[in-house]
Amino acid sequence: MLTGFTAGLLLITVSELGDKTFFIAAILAMRHSRRLVLIGAIAALAAMTIISVVAGQAVSFLPKPYIHYAEIVLFISFGLKLLYDASRMAGSSCDSEVVDEAKEAVEQAEKQRNKKKTPLSIVLEAFVLTFMAEWGDRTQFATIALAASNNAFGVTVGAILGHSICAVIAVTCGRLIAGRISERQLTLIGGCLFIVFGVIAAMEGS
């Protein structure tokens with residue numbers, strides 16, 4: 001029903017808004033050139049997406065029934081986990097724990113860098129911090145699952161576009177909306193979306 005492009009775009013955009021990588025980009029943009037931070041962040045997210053899609057294509061050589069049921073279990077389990085997390089959250093603002101983790105990651109990176117910042121060092125800092133924060137994230141596994149059963153090019157373009165949208169929002173107005181983001185609402189939406197994808201995968205295989 002959903003194309004690889006649409007699935008990648010929706011899943012990534014909803015999941016990444018207000019995530020740790022979102023706040024890393026927002027914090028870096030308060031300290032350095034927004035343009036340089038955006039270049040580094042998008043480059044890292046694009047690289048991660050390509051790696052995930054390649055992994056998904058490798059997985060696609062496994063027997064189709066295994067891929068199909070693994071995709072259903074993955075999406076529904078992620079969805080249920082997010083709904084459970086949302087039920088335990090307070091409701092009004094972004095998760096301070098996520099923000100604190102992002103701040104700590106940026107502070108550690110800043111201490112390790114030379115005091116004199118060059119454009120290249122800023123881009124590299126944004127790239128490394130974003131890439132490391134995204135590695136092993138649920139969106140990486142979701143991208144692998146999508147690429148295993150959908151058009152690889154469509155998933156790649158949709159996921160990179162979704163990442164880019166979130167990165168642009170974080171860099172341009174992350175400070176303004178950070179206090180207005182309801183982590184609970186975003187988590188609820190993300191959980192519902194994962195479950196919807198799991199149901200769609202089950203229906204397409206029936």
Side-chain angles (χ1 to χ4, degrees), residues 4-5 7-57 93-144 146-147 152-181 183 186 190:
F5 171 82
L9 176 62
L10 286 175
L11 201 61
I12 297 302
T13 303
V14 172
S15 300
E16 288 298 302
L17 191 62
D19 199 10
K20 183 178 177 180
T21 51
F22 178 91
F23 290 111
I24 285 176
I27 294 168
L28 286 174
M30 295 176 199
R31 305 184 180 195
H32 308 297
S33 164
R34 292 178 177 180
R35 178 175 59 86
L36 296 176
V37 171
L38 187 62
I39 290 172
I42 291 180
L45 293 168
M48 180 63 70
T49 299
I50 293 170
I51 291 172
S52 300
V53 170
V54 170
Q57 287 293 286
S93 61
C94 58
D95 188 351
S96 60
E97 183 179 348
V98 176
V99 178
D100 290 341
E101 288 178 0
K103 287 181 179 178
E104 182 179 355
V106 172
E107 291 296 340
Q108 289 180 352
E110 296 279 286
K111 290 178 182 178
Q112 294 173 1
R113 303 281 180 187
N114 295 326
K115 290 185 178 180
K116 184 178 179 181
K117 295 287 184 179
T118 65
L120 179 59
S121 69
I122 294 171
V123 171
L124 286 175
E125 182 178 354
F127 181 95
V128 172
L129 284 174
T130 303
F131 191 90
M132 295 304 295
E134 196 65 20
W135 186 264
D137 190 65
R138 62 176 174 269
T139 53
Q140 182 186 19
F141 292 104
T143 304
I144 292 172
L146 287 174
F153 180 76
V155 172
T156 302
V157 174
I160 290 177
L161 180 58
H163 279 304
S164 299
I165 290 171
C166 292
V168 169
I169 293 173
V171 168
T172 56
C173 53
R175 176 166 49 183
L176 295 176
I177 69 173
R180 298 177 175 85
I181 292 177
E183 183 72 10
L186 289 174

> Looking only at heavy atoms, what is the nearest atom pair of Leu28 and Ala126, with distance?
Replying inline: CD1-CA, 3.7 Å
> If only atom types and distance count, is the side chain of Asp137 paired as donor or acceptor with the main-chain N or O of Thr139 below 3.5 Å?
Replying inline: yes
>> Measuring from atom CD1 of Ile165 to atom CD1 of Ile160, what distance do you get when rounded to the nearest 0.5 angstrom?
In response: 12.5 Å
>> Tell me the closest heavy-atom pair linking Lys20 and Ala102, and the distance in Å.
In response: O-CB, 4.0 Å
>> For the backbone of Ala147 and the side chain of Gln57, can you confirm whether one donor and one acceptor N or O come within less than 3.5 Å of each other?
In response: yes
> How many angstroms lie between OG1 in Thr13 and NE2 in His163, if you round to the nearest 0.5 Å?
Replying inline: 9.0 Å
> Who are the side chain to side chain contact (heavy atoms under 4.5 Å, CB included) partners of Ile39, not counting sequence neighbours?
Replying inline: Arg35, Val123
>> Holding to side-chain hydrogen bond (donor to acceptor under 3.5 Å, both in side chains), I want the full list of residues that pass it with Ser33, two or more places apart in sequence or in another chain.
In response: none
> Do you know which two heavy atoms are closest between Ser15 and Leu11, and how far apart they sit?
Replying inline: OG-O, 2.7 Å
>> Restricting to side chain to side chain contact (heavy atoms under 4.5 Å, CB included), what partner residues turn up for Ala159, sequence neighbours left out?
In response: Ile12, Thr49
>> Determine whether Val14 and Leu10 satisfy the following criterion, side chain to side chain contact (heavy atoms under 4.5 Å, CB included), listing intermediate values before the conclusion.
In response: CA-CA 6 Å; Val14 172; Leu10 286 175; 5.5 Å; no
>> Nearest 0.5 angstrom please: Leu129 CG to Thr21 OG1, how far?
In response: 11.0 Å
> Between His32 and Glu125, is a side chain to side chain contact (heavy atoms under 4.5 Å, CB included) present by the stated rule, with each step listed?
Replying inline: CA-CA 11 Å; His32 308 297; Glu125 182 178 354; 4.0 Å; yes
> How far apart are the closest heavy atoms of Val37 and Ala25, and which atoms are they?
Replying inline: CG1-O, 3.8 Å
> Given Ile169 and Phe22, is the side chain to side chain contact (heavy atoms under 4.5 Å, CB included) satisfied, shown in steps?
Replying inline: CA-CA 8 Å; Ile169 293 173; Phe22 178 91; 3.9 Å; yes
>> For the CD1 atom of Ile50 and the CG atom of Leu45, what is their distance to the nearest 0.5 Å?
In response: 11.0 Å
> If you round to the nearest 0.5 Å, how far is OG1 of Thr130 from CH2 of Trp135?
Replying inline: 15.0 Å
> Would you call Glu107 and Arg31 a salt bridge, taking side-chain N to carboxylate O under 4.0 Å as the test?
Replying inline: yes
>> Nearest 0.5 Å, please: how far is OG1 in Thr156 from CG in Leu146?
In response: 10.5 Å
